[in-house]
Amino acid sequence: MLANGTLLGMKKPGTAEFVDIPDLKTVPDMNNEKEKVENTRLTAANKEYEFGVGDYGDLEYTFVHTENKEGSAYRMLREYSDSNTPVEFKETWPDGTTFIYTAIPSVGFKRGGGTNTVVDLVVKMALKSDIDVDDPT
């Protein structure tokens with residue numbers, strides 16, 4: 001499956017509906033890698049392990065940034081970044097799989113500053129909840 005068509009929506013505090021954030025360019029891996037913890041009994045012949053707490057790692061999204069205007073991804077997310085306010089997000093894959101979570105977004109720009117260099121909006125998420133995965137029907 002290609003990532004083409006993936007959407008990232010946000011639900012502003014106090015609202016019921018997710019609104020898609022425009023101009024999504026890249027999405028992060030959705031891999032909840034659990035820490036492998038060694039827990040060997042003194043009578044064991046080999047080391048034994050169990051899985052501990054998971055870590056989704058850096059959830060970093062990139063958006064096309066053409067200008068700072070009303071309705072842009074930057075404007076939609078900046079107030080929550082500036083105030084460290086958690087927001088509910090929903091990433092929707094082309095097959096209908098959704099990932100819903102609460103995070104504090106942190107907005108910034110990635111740019112080289114030269115001729116023909118693209119300025120991207122980069123949004124890093126500080127995860128504040130579990131990620132609920134809903135399979136398509």
Side-chain angles (χ1 to χ4, degrees):
M1 176 175 65
L2 297 175
N4 301 1
T6 299
L7 300 171
L8 181 65
M10 65 181 277
K11 188 190 302 183
K12 293 182 179 184
T15 63
E17 299 293 321
F18 285 95
V19 175
D20 289 333
I21 304 169
D23 303 322
L24 184 61
K25 186 174 180 178
T26 67
V27 295
D29 293 335
M30 279 291 180
N31 181 19
N32 186 10
E33 188 164 328
K34 295 182 179 175
E35 184 176 346
K36 186 172 86 171
V37 180
E38 188 263 327
N39 191 14
T40 306
R41 294 166 181 77
L42 292 174
T43 56
N46 298 296
K47 285 189 175 184
E48 298 173 355
Y49 299 90
E50 55 187 278
F51 286 110
V53 175
D55 183 2
Y56 278 95
D58 293 332
L59 294 179
E60 184 176 299
Y61 295 85
T62 305
F63 295 84
V64 171
H65 182 74
T66 54
E67 60 182 314
N68 179 1
K69 63 180 180 179
E70 191 68 36
S72 68
Y74 177 65
R75 288 272 186 98
M76 289 177 74
L77 295 163
R78 187 182 73 201
E79 74 175 279
Y80 304 107
S81 175
D82 290 349
S83 64
N84 288 319
T85 301
V87 181
E88 194 170 1
F89 292 94
K90 179 170 77 170
E91 183 177 320
T92 305
W93 287 3
D95 70 353
T97 304
T98 60
F99 299 82
I100 298 174
Y101 60 92
T102 300
I104 299 172
S106 175
V107 299
F109 295 99
K110 180 171 61 173
R111 63 185 183 92
T115 302
N116 288 335
T117 304
V118 172
V119 174
D120 284 326
L121 173 67
V122 177
V123 180
K124 295 181 180 183
M125 302 292 189
L127 196 58
K128 303 300 284 180
S129 71
D130 288 334
I131 296 181
D132 295 322
V133 181
D134 188 18
D135 298 321
T137 53

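Please read these numbers as outputs of a predicted model, since none were measured by experiment.
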message: Checking Y61 now: which residues fulfil ring pair (Phe, Tyr, Trp, His ring centres under 6.0 Å) with it, not counting sequence neighbours?
response: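 Partners of Y61 under the ring pair (Phe, Tyr, Trp, His ring centres under 6.0 Å) test: none.
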
- request: Please round to the nearest 0.5 Å and tell me the distance separating atom OG1 of T97 and atom CG of D135.
  value: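 That separation rounds to 6.0 Å.
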
field: Nearest-0.5 Å distance that lies between atom OG in S72 and atom CD in E67
entry: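 That separation rounds to 8.0 Å.
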
Distance-minimising heavy-atom pair for [X] and [Y]:
X: D95; Y: P136; answer: O-CB, 3.2 Å
X: P22; Y: M76; answer: CD-SD, 3.5 Å
X: A103; Y: M125; answer: CB-CB, 3.8 Å
X: T117; Y: R111; answer: CG2-C, 4.3 Å
X: Y80; Y: I104; answer: O-CG2, 4.2 Å
X: L2; Y: P94; answer: O-CG, 3.6 Å

Hydrophobic cluster membership, with links at side-chain heavy-atom distances under 4.5 Å among I/L/V/M/F/W/Y: are [X] and [Y] in one?
X: V19; Y: I100; result: no
X: I131; Y: W93; result: yes
X: V118; Y: L24; result: no
X: V27; Y: F89; result: yes
X: I21; Y: M30; result: yes

- request: Determine yes or no for a side-chain-to-main-chain donor-acceptor pair under 3.5 angstrom, with S81 supplying the side chain and L77 the backbone.
  value: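 Not a single qualifying donor-acceptor pair exists.
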
message: I'd like to know if the side chain of E38 and the backbone of T40 have a donor-acceptor N/O pair within less than 3.5 Å.
response: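 A pair under 3.5 Å: yes.
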
Can you find a pair of side-chain heavy atoms, one from [X] and one from [Y], that are under 4.5 Å apart?
X: T92; Y: F18; answer: no
X: K90; Y: E88; answer: no
X: N68; Y: R75; answer: yes
X: T6; Y: E91; answer: yes

- prompt: Got more than 12 heavy atoms from elsewhere within 6.0 Å of CG, D29?
  reply: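 Atom CG in D29 is not crowded, with 12 or fewer foreign heavy atoms closer than 6.0 Å.
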
- prompt: Quick check: are there more than 12 heavy atoms from other residues, nucleotides or ligands sitting under 6.0 Å from NZ of K11?
  reply: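 Result for NZ/K11: enclosed.
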
message: Let's go through F109 and Y74 carefully: what are the C-alpha distance in whole Å and the side-chain angles of both, what is the deciding distance for ring-ring contact (aromatic ring centres under 6.0 Å, His included) to 0.1 Å, and is it a yes or a no?
response: CA-CA 10 Å; F109 295 99; Y74 177 65; 5.1 Å; yes

Test side-chain contact (heavy atoms from CB on, under 4.5 Å) applied to K25 and V122, L121, V64, the passing residue: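 Looking at V122, L121, V64, the match for K25 under the side-chain contact (heavy atoms from CB on, under 4.5 Å) is V64.
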
Please table the atom pairs, donor to acceptor, closer than 3.5 Å between any side-chain atom in residues 43-59 and protein atoms at least two apart or in another chain.
{"unit_1": "E48", "atom_1": "OE1", "unit_2": "R41", "atom_2": "NH1", "d": "2.3"}
{"unit_1": "E50", "atom_1": "OE2", "unit_2": "N39", "atom_2": "ND2", "d": "2.5"}
{"unit_1": "D55", "atom_1": "OD1", "unit_2": "G57", "atom_2": "N", "d": "2.7"}

